[in-house]
There are 2 protein chains.
Amino acid sequence: MASIKDVAAEAGVSVATVSRVLNDHPSVSADARTRVLAAVKALGYRPNAVARSLRTDQTRTLGLVISDVLNPYFTHLARSVEEQARALGYSVIIGNADERPDLQDHHVRTLLDRRIDGLLVSPTDGGSPLMLDAVRSGTPMVFVDRWIPGVDVPVVRSDGQAAVHDLVTHLHGLGHRRLAIIAGPATTTTGQERVEAFRRALGAYGLPLPDACIGQGDFQAESGRRATERFLDLAEPPEVVFAADNLMALGALDAIRARGLRVPDDIALAAFDDIPWFVHTDPPITAIAQPTGELGRAAVRALVDRIEGRPPASVTLPARLVVRRSCGEPAPRERVAFREPSALQEPLREPPAPREPSPVMNRSQS
Amino acid sequence: MASIKDVAAEAGVSVATVSRVLNDHPSVSADARTRVLAAVKALGYRPNAVARSLRTDQTRTLGLVISDVLNPYFTHLARSVEEQARALGYSVIIGNADERPDLQDHHVRTLLDRRIDGLLVSPTDGGSPLMLDAVRSGTPMVFVDRWIPGVDVPVVRSDGQAAVHDLVTHLHGLGHRRLAIIAGPATTTTGQERVEAFRRALGAYGLPLPDACIGQGDFQAESGRRATERFLDLAEPPEVVFAADNLMALGALDAIRARGLRVPDDIALAAFDDIPWFVHTDPPITAIAQPTGELGRAAVRALVDRIEGRPPASVTLPARLVVRRSCGEPAPRERVAFREPSALQEPLREPPAPREPSPVMNRSQS
DNA sequence: CTGAAAGCGCTTACAG
DNA sequence: CTGAAAGCGCTTACAG
């Protein structure tokens with residue numbers, strides 16, 4: 001592959017001049033610029049980003065470690081992160097932890113070794129030594145969705161408290177009194193918070209949340225299936241199962257179907273995190289929707305602020321309840337309930353990103 | 001961040017010796033090795049992958065450009081690619097083209113600038129100049145799922161021909177005679193092939209495929225919705241709609257539902273690409289399943305063969321029909337039909353990857 | 001406006 | 001077994 005030396009030779013200038021042209025440095029004669037550009041084109045030259053990074057000590061790259069790519073919520077998040085990063089002149093490298101702390105650490109390590117400029121993490125656990133090291137080492141970092149308590153890192157997340165309350169109100173109104181939840185891991189903030197919000201909301205209606213009605217899941221489908229089976233084996237099975245994410249709701253559906261039971265007649269189902277398929281499941285599933293796209297964008301903004309020396313801000317956005325038919329109420333049409341602009345109304349496809357800067361050789365400095 | 005110099009100073013050796021220890025070079029005294037390792041630990045040193053790449057001219061990184069992250073098929077593919085790559089000692093950087101050729105080019109360019117060791121692409125179009133350049137430039141490359149004809153690059157894909165025939169047999173058996181398809185872009189191989197396979201299968205039953213029964217989609221949900229609306233507006237609407245991917249099937253479902261019609265009573269629906277949610281849609285959707293995980297793994301194997309100087313092989317794996325209820329036949333239980341081990345039976349979670357190599361400082365040379 | 005030179009953090013022949 | 005040195009491809013003060 002042609003290097004800057006080849007271009008310099010071809011153009012009859014020094015590599016310094018070539019570099020200046022490529023970086024839009026003002027003090028280059030029009031003549032030199034023309035010759036360099038011609039040489040670049042003739043040789044099909046592209047600057048080596050590795051060398052540039054070594055020299056400038058910046059990679060213009062963000063790392064994103066998500067808990068599970070197979071979860072549409074995180075896929076959506078990743079997409080909006082990449083889009084916003086691109087708009088700001090950064091690339092993003094995604095690491096998928098599959099809800100496994102060891103894999104998460106693997107990706108954090110790899111990303112750090114690559115000297116990414118900043119790290120976006122949705123932690124799978126309460127904070128491994130490596131993760132805490134990363135924070136202490138001063139790598140710009142922002143937590144998205146989940147976070148690690150007691151650590152001084154901005155957090156961009158959504159607050160489901162009010163929406164969970166709305167959900168319980170909805171369920172209570174339908175006459176349900178025995179409600180169960182499939183929780184995420186207690187080592188994750190979202191794992192805990194959603195149970196707590198649920199418990200608090202039940203409390204407001206004088207309803208208990210006995211241990212038997214808390215299924216321990218891990219945010220993956222299989223755990224939702226197992227937890228639901230356990231519920232169904234109870235002497236008095238719950239009337240409602242609330243899955244703390246969409247994958248566990250999928251597992252719950254598998255378990256319910258395997259027993260030949262019907263939703264919502266035999267048992268009601270609701271989920272945290274809304275996905276397009278919930279409109280078409282049998283029956284359509286009542287869910288709590290997060291403003292996922294906006295979360296991703298806000299997280300990137302905060303991280304880039306931090307990287308570029310501006311003070312980053314934590315952001316908390318409200319989630320909202322979307323009522324469908326899985327809890328028993330007839331809903332003739334898609335009914336969006338209660339509060340806040342919809343994350344579902346958020347188009348699946350977001351507006352096209354700005355055109356790429358055209359000259360092949362400009363580093364996007366934004 | 002500590003550099004190799006700091007480690008050398010701390011250990012009282014030269015940087016060459018530090019480098020040898022880190023790379024498991026045999027000729028290092030036990031004493032030196034001990035001191036270096038101690039220094040590494042004391043300083044929390046991690047080698048700078050950027051510098052290493054510049055020097056060795058390899059990044060141990062694969063690029064993967066997929067057409068759409070929001071499509072669960074590609075998400076699954078990406079996951080298996082990353083897993084297999086990790087097992088072979090490579091990282092992967094994912095670029096999401098969103099079915100946009102310009103975005104695809106953006107990612108190919110960025111990846112090439114980063115000097116990835118090899119590129120896995122599922123092309124969004126028939127081959128942009130940039131893509132063809134990339135091939136000619138000698139960057140190791142493998143196509144997955146979709147490919148560009150006339151270019152000498154190994155292809156790892158699945159052949160849906162037989163499964164599409166099975167589908168048509170199934171539909172014909174149910175008495176359907178007016179069949180329509182929502183096609184993908186004609187610029188993509190899968191866009192064309194699926195229509196051709198469908199047309200050929202219809203032909204075998206003496207059925208026509210009039211132009212009015214070919215909806216032009218772009219593999220995204222919205223296009224499926226529009227195409228379906230057009231079908232429904234026909235004087236004689238089709239009895240069956242076959243969507244060439246799962247996202248367009250989602251759009252079709254939206255359109256059908258918006259008119260208050262029922263599947264399969266008013267219109268039957270089938271899709272290419274199976275996803276877990278198809279079991280729980282109303283009704284469960286008949287689909288053609290690809291061996292997605294194996295496709296991803298085979299693609300990585302081929303690419304790494306190419307990178308490491310072994311002859312890479314193209315791979316074609318059969319897809320298979322999974323009959324559910326969306327075309328009219330009562331299927332009391334999940335019925336997996338006809339041929340081949342199932343991609344759905346493929347566990348959603350694949351077996352855990354091998355443990356990471358433990359010493360922090362070893363380059364995974366595999 | 002331009003070029004020679006130093007240096008980013010590594011690896012690796014080459015000598016000893 | 002070990003170290004001094006060159007060099008990977010860039011960028012950027014410094015001098016002119």
Side-chain angles (χ1 to χ4, degrees), chain A residues 1-37 39-40 43-61 112-117 360-365, chain B residues 1-37 39-40 43-61 112-117 360-365:
Chain A
M1 221 167 235
S3 85
I4 195 172
K5 274 187 196 166
D6 303 315
V7 177
E10 172 86 12
V13 298
S14 71
V15 296
T17 297
V18 175
S19 177
R20 290 198 187 91
V21 172
L22 299 184
N23 292 292
D24 277 333
H25 188 98
S27 45
V28 183
S29 67
D31 176 53
R33 178 180 311 276
T34 312
R35 301 221 310 281
V36 167
L37 260 19
V40 163
L43 300 175
Y45 171 72
R46 297 243 77 219
N48 182 328
V50 174
R52 180 179 271 172
S53 293
L54 179 60
R55 180 54 229 243
T56 60
D57 201 33
Q58 52 168 16
T59 51
R60 290 250 132 202
T61 301
L112 258 23
D113 287 355
R114 284 169 182 282
R115 302 300 193 263
I116 44 145
D117 293 343
V360 157
M361 61 296 300
N362 280 326
R363 162 145 58 131
S364 38
Q365 280 288 28
Chain B
M1 222 167 235
S3 85
I4 197 171
K5 275 189 197 166
D6 303 313
V7 176
E10 172 85 11
V13 298
S14 72
V15 296
T17 297
V18 175
S19 178
R20 290 197 187 94
V21 172
L22 299 183
N23 291 294
D24 277 334
H25 188 98
S27 45
V28 183
S29 68
D31 177 53
R33 179 180 309 275
T34 312
R35 303 219 312 278
V36 167
L37 259 19
V40 163
L43 300 175
Y45 171 73
R46 296 243 79 219
N48 182 328
V50 174
R52 180 178 271 171
S53 293
L54 178 59
R55 181 53 230 244
T56 60
D57 202 32
Q58 52 170 15
T59 51
R60 289 249 133 205
T61 301
L112 257 25
D113 287 355
R114 283 167 182 282
R115 301 302 192 261
I116 44 145
D117 294 341
V360 156
M361 62 294 301
N362 280 325
R363 160 144 61 132
S364 38
Q365 279 288 28

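All chains are named by letter (A, B, ...) in the order of the sequence lines, taking the proteins before the strands, and each is independently numbered beginning at 1. Every heavy atom of this structure was used, including side-chain atoms; hydrogens, water molecules and symmetry mates were not.
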Could you pick out which residue, B:Ala32 or B:Asp57, lies toward the 5' side of DNA chain D when each is mapped onto its nearest nucleotide? B:Ala32
Rounded to whole Å, CZ of B:Arg35 lies from P of D:dC1 at a distance of 15 Å
Spacing of B:His25 atom NE2 relative to C:dC10 atom P, expressed in whole Å: 18 Å
Would you say A:Ser27 reaches C:dT2's phosphate, i.e. side-chain N/O to OP1/OP2 under 4.0 Å? no
Taken to the nearest whole Å, CG/B:Asp24 to P/D:dC1 is 14 Å
Between the main-chain N or O of A:Ala49 and the side-chain N or O of B:Asp113, is there a donor-acceptor pair closer than 3.5 Å? no
First encountered from the 5' end of DNA chain D, between A:Val18 and B:Arg55: B:Arg55
Between atom CG in B:Asn48 and atom P in C:dG7, what is the gap in whole Å? 18 Å
Taking D:dC10, D:dT11, D:dT2 as options, the one with an atom nearest any side-chain atom of B:Val28 is D:dT2
Any side-chain to backbone donor/acceptor pair from B:Thr17 onto B:Val13? Under 3.5 Å, distance only. no
Treating B:Ser53 as the side-chain partner and B:Ala51 as the backbone partner, does any N or O pair qualify as donor plus acceptor under 3.5 Å? no
Using both distances under 3.5 Å as the test, list the Watson-Crick or G-U wobble partner of C:dA13, or none. none
Check the phosphate of D:dC1 against B:Ser29, side-chain N and O only, distance under 4.0 Å to OP1 or OP2. Yes or no? no
With distance as the sole test, does B:Asp6 use its side chain to make a donor-acceptor pair with the main-chain N or O of B:Ser3 at under 3.5 Å? yes
Complementary nucleotide for D:dA4 - Watson-Crick or wobble, under 3.5 Å: none
With distance as the sole criterion, do the side chain of B:Arg20 and the base of D:dG3 form a donor-acceptor contact below 3.5 Å? yes
Atom pair distance, as rounded to whole Å: CZ in B:Arg52 and C1' in C:dT11: 9 Å
Rounding to a whole Å, what distance do you find between B:Lys5:NZ and C:dC8:C1'? 9 Å
Taken to the nearest whole Å, CD1/B:Ile4 to C1'/C:dC8 is 13 Å
What nucleotide among D:dT11, C:dC10, D:dT2 has an atom nearest to a side-chain atom of A:Thr56? D:dT11
Residue whose nearest DNA chain C nucleotide is more 5′ - A:Thr17 or B:Ala16: A:Thr17
Think B:Ser53 has a side-chain N or O under 4.0 angstrom from the OP1 or OP2 of C:dC10? no
Between B:Asp6 (CG) and C:dC8 (P), how many Å, whole number? 11 Å
Backbone of A:Val50 reached by a side-chain donor or acceptor of A:Asn48 within 3.5 Å: yes
B:Ser3 near the nucleic acid: base, sugar-phosphate alone, or nothing, with a heavy-atom cut-off under 4.0 Å? sugar-phosphate
